[in-house]
Amino acid sequence: MASQTLGSGPMGFVQGSLCSLQNNGPAPGLLVSLVHQYLGRSSPTYTDQYGNFQLFNIPARPEPYLIEVYWGQQLVYRNQIYVHGGVNLGRFCI
């Protein structure tokens with residue numbers, strides 16, 4: 001799972017694992033991407049069978065990114081994160 005570069009300069013990554021609030025199990029097949037106010041949207045990735053995802057080549061920026069998670073066309077999660085290198089969001093349920 002990889003994303004395209006949004007810009008140039010120091011690069012980082014974002015990874016995590018999504019679970020379902022309904023069954024506290026993995027959430028496979030969800031679309032995950034980052035949105036930056038100046039750089040735009042990253043190439044999306046999908047969670048694997050265990051709910052894991054990784055986005056690579058994300059420019060380190062002082063402004064926050066929005067991480068967005070979609071189930072089909074429906075936005076199911078959005079939150080701000082800062083990328084200054086590698087970011088491990090751990091496991092979180094939606």
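- Put simply, Trp71 and Leu18 are part of the same group of oily side chains (I, L, V, M, F, W, Y) that touch within less than 4.5 Å, one to the next.
- Annotation for Ser42 and Leu55: closest pair OG-CD2, 4.2 Å, computed over non-hydrogen atoms.
- Screening residues 68-88 for salt bridge (Lys or Arg N to Asp or Glu O under 4.0 Å) gives Arg41-Glu68, Glu68-Arg78 as the qualifying pairs, with residues at least two apart or on separate chains.
- Under a 3.5 Å cut-off, the side chain of Thr45 and the backbone N or O of Phe53 do not form any donor-acceptor pair.
- For the atom pair CG (Leu31) and CD (Gln74), the distance works out to 13.0 Å, reported to the nearest 0.5 Å.
- From Gln37, atom CD reaches atom CD of Glu63 across 5.5 Å, with rounding to the nearest 0.5 Å.
- Listed by chain and number, the hydrophobic cluster partners of Leu66 are Val35, where partners are ILVMFWY side chains within reach of under 4.5 Å, directly or through others.
- Counted within 6.0 Å of CD on Gln22, heavy atoms from surrounding residues, nucleotides or ligands total 12 or fewer; the atom is thus considered open.
- Under the 4.5 Å side-chain heavy-atom criterion for ILVMFWY residues, no single connected hydrophobic cluster contains both Leu21 and Val32.
- The two residues Thr47 and Ala27 make their nearest non-hydrogen contact at OG1-O, 2.7 Å.
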Tabulate below the donor-acceptor pairs under 3.5 Å that side-chain atoms of residues 79-94 make, not counting sequence neighbours, or state none.
unit_1	atom_1	unit_2	atom_2	d
Asn79	ND2	Tyr77	OH	3.1
Asn88	OD1	Gly90	N	2.8
Arg91	NH2	Asn24	O	2.8

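- Closest heavy-atom contact between Gln73 and Tyr70: O-CD2, 3.8 Å.
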